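Note that the structure is a prediction, hence the values are computed from the model and not measured.
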Amino acid sequence: MAASLRSPPSISVSVPCAALGASLHSSLPFSRKPSLPCGRACRAGVRCSAANKPSPPPPTALDSSEVSSMARIRSEVLSPFRSVRMFFYLAFMASGALGGLIALTQLLPALSNPARAGGAAETLKGLGIDAAAVALFAFLYSRESKAKDAQVARLAREERLSRLKLRAGAGDGSGRPLALGELRGTARLVIVAGPGEFVAESFRRSQPLLRELAERAVLAVPFATDGNAPELRVDEGVVVVVDDDLARRSRRLWQLRPVYTTEWAQWLDDQKKLAGVPPDSPVYLSLRMDGRVRGSGEGYPPWQAFVAQLPPVKGLWSGLLDGMDGRVL
């Protein structure tokens with residue numbers, strides 16, 4: 001019996017043409033020849049793709065829809081009965097509108113028929129009550145809806161803020177980048193944004209209160225908007241050594257550095273536009289322990305006010321007053 005010889009099937013591999021010469025001998029184990037030009041490789045049975053573009057990086061940031069859903073969930077947690085109130089407002093509006101429609105159908109025949117005009121006054125009174133009820137509940141629903149939209153917008157901005165990157169260290173780039181949201185529950189951040197001179201003066205004003213601020217888990221985030229970041233070093237003579245851990249935290253109070261400053265600048269510009277603050281105005285932003293904004297303003301941070309208003313996080317009051325960080329803006 002004659003043996004039938006069949007040629008082996010051609011192998012189809014999709015690789016970029018530019019990378020074919022460098023990777024063909026490693027990706028195909030049966031080939032020990034030098035790298036082939038694209039034309040010869042295509043004739044040999046290897047299919048080349050025309051695209052020579054780098055693969056897109058994996059997405060690292062949440063899109064607007066995910067941020068909105070997270071903000072809505074947080075809004076429901078913070079105001080759990082708002083949806084119930086809005087539902088009852090709509091139900092009362094529908095009930096008043098239905099009653100007004102029924103009263104209107106009774107009023108029109110009464111006005112057109114003199115024999116039934118005696119009950120027109122009572123029907124008109126009921127129609128007025130229904131119209132007033134619809135207007136009242138429509139106002140309450142509109143106010144509740146505006147409050148919900150404002151809260152969701154604020155929470156969405158806070159979610160964007162929580163994704164901004166920081167690096168802990170003395171500015172040498174040795175620290176690991178971490179998201180601002182990773183510090184929730186452990187620190188009260190104070191963002192100091194402005195020119196380098198403004199950041200340096202804010203640092204100088206906080207020096208006498210380093211120990212008190214460290215007791216309250218306050219950490220400063222200096223952001224020099226002009227790119228002239230000053231060197232912020234705590235003098236050893238300023239920190240009164242009473243507790244080793246407290247002294248270490250006092251020295252690390254100004255050790256956070258923003259990463260990806262373009263995103264920080266964009267977020268700050270958006271906040272200044274919403275607040276009606278000039279773009280070149282130096283500002284500060286104080287966050288609660290849970291990451292929500294508790295205070296902001298133009299000029300230098302009120303360090304003494306922080307010491308007077310914020311409870312310590314160590315000792316007798318630890319855990320008891322963690323949420324007493326002031327009113328949320």
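Annotation: the span from Leu285 atom CG to Gln271 atom CD amounts to 7.5 Å, rounded to 0.5 Å. Of the inter-residue distances, the one linking Ile191 atom CD1 with Leu268 atom CG reads 7.0 Å to the nearest 0.5 angstrom. Taking CD1 from Ile129 and CG from Leu124, the interatomic distance works out to 10.5 Å, rounded to the nearest 0.5 Å. For the atom pair Leu189 CG and Leu256 CG, the distance stands at 6.5 Å (nearest 0.5 Å).
Between Glu212 and Pro208 the shortest heavy-atom distance is OE1-O, 3.9 Å. In plain terms, the two heavy atoms of Ala265 and Phe223 that are nearest each other are N-CZ, 4.0 Å. Scanning all heavy atoms of the two residues, the minimum distance from Val313 to Met289 falls at CG1-CE, 3.6 Å. The two residues Leu253 and Val218 come nearest to each other via the heavy atoms CG-O, 3.4 Å.
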| request: Before giving the answer on side-chain contact (heavy atoms from CB on, under 4.5 Å), spell out for Leu310 and Arg294 the whole-Å C-alpha distance, their side-chain angles and the decisive distance to 0.1 Å. | output: CA-CA 11 Å; Leu310 299 176; Arg294 69 172 297 271; 4.0 Å; yes
| task | Before giving the answer on side-chain contact (heavy atoms from CB on, under 4.5 Å), spell out for Arg157 and Leu274 the whole-Å C-alpha distance, their side-chain angles and the decisive distance to 0.1 Å. | result | CA-CA 11 Å; Arg157 293 195 300 269; Leu274 291 174; 3.5 Å; yes
| request: Would you please test Glu215 and Arg211 for salt bridge (Lys or Arg N to Asp or Glu O under 4.0 Å) and show each step? | output: CA-CA 6 Å; Glu215 288 178 346; Arg211 180 175 176 273; 3.5 Å; yes
| task | Tell me, with the steps shown, if Val192 and Val221 meet side-chain contact (heavy atoms from CB on, under 4.5 Å). | result | CA-CA 6 Å; Val192 182; Val221 182; over 6 Å; no
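Side chain of Arg188 to main chain of Ala217: no donor-acceptor pair is present (N/O by atom type, distance under 3.5 Å, no hydrogens or angles). The backbone N or O of Pro279 sits less than 3.5 Å from a side-chain atom of Lys272, completing a donor-acceptor pair. With hydrogens and angles disregarded, a donor-acceptor distance shorter than 3.5 Å links the side chain of Asp226 to the backbone of Gly196. Although no hydrogens or angles enter the test, the distance criterion places a donor-acceptor pair under 3.5 Å between the side chain of Trp264 and the main chain of Lys165. A donor-acceptor pair is defined here as one N or O able to donate and one able to accept, closer than 3.5 Å; no such pair exists between the side chain of Trp303 and the backbone of Leu210. Put simply, the side chain of Thr225 gets close to the backbone of Gly194: a donor and an acceptor are under 3.5 Å apart.
Shown here are the side chain to side chain contact (heavy atoms under 4.5 Å, CB included) partners of Ala305, two or more places apart in sequence or in another chain: Pro302, Gln309. Looking at residues two or more places apart in sequence or on another chain, you find no side-chain hydrogen bond (donor to acceptor under 3.5 Å, both in side chains) involving Ser95. Under the rule for a salt bridge (Lys or Arg N to Asp or Glu O under 4.0 Å), Arg143 has no partner lying at least two apart in sequence or in another chain. By the side-chain hydrogen bond (donor to acceptor under 3.5 Å, both in side chains) test, Arg184 is found to be paired with no residue, residues two or more places apart in sequence or in another chain being considered. Under the rule for a salt bridge (Lys or Arg N to Asp or Glu O under 4.0 Å), the partners of Asp270 that lie at least two apart in sequence or sit in another chain are Arg160. Among residues two or more places apart in sequence or in another chain, the side chain to side chain contact (heavy atoms under 4.5 Å, CB included) test is passed with Leu178 by Leu166, Arg176, Glu182, Leu183. Taking Ala200 as the reference, Pro230 meet the side chain to side chain contact (heavy atoms under 4.5 Å, CB included) condition, with sequence neighbours excluded. Shown here are the side-chain hydrogen bond (donor to acceptor under 3.5 Å, both in side chains) partners of Glu144, two or more places apart in sequence or in another chain: Arg82, Arg85. Here Glu298 pairs with nothing under the salt bridge (Lys or Arg N to Asp or Glu O under 4.0 Å) rule; sequence neighbours left out. Annotation: side-chain hydrogen bond (donor to acceptor under 3.5 Å, both in side chains) contacts of Ser206 (sequence neighbours excluded): Trp254.
Under 4.0 Å is where a charged nitrogen must lie from a carboxylate oxygen, and between Arg163 and Glu159 no such pair does. We find that Glu158 and Arg154 are joined by a salt bridge, their nearest charged nitrogen and carboxylate oxygen being less than 4.0 Å apart.
For Lys148, the NZ atom is loosely surrounded, since the number of other residues' heavy atoms within 6.0 Å does not exceed 12.
Within the structure, the ring pair (Phe, Tyr, Trp, His ring centres under 6.0 Å) test picks out the following pairs touching residues 280-301 (sequence neighbours left out): Phe198-Tyr300. For residues 72-94, the ring pair (Phe, Tyr, Trp, His ring centres under 6.0 Å) pairs, not counting sequence neighbours, are Phe92-Phe137.
Contact annotation: the side chain of Lys125 never approaches that of Asp130 to less than 4.5 Å [non-hydrogen atoms, C-beta and beyond]. Looking at heavy atoms from C-beta onward, Leu161 lies in side-chain contact with Leu287 at the 4.5 angstrom threshold.
Note on Val293: it clusters hydrophobically with Leu180, by side-chain heavy-atom contacts below 4.5 Å among ILVMFWY residues.
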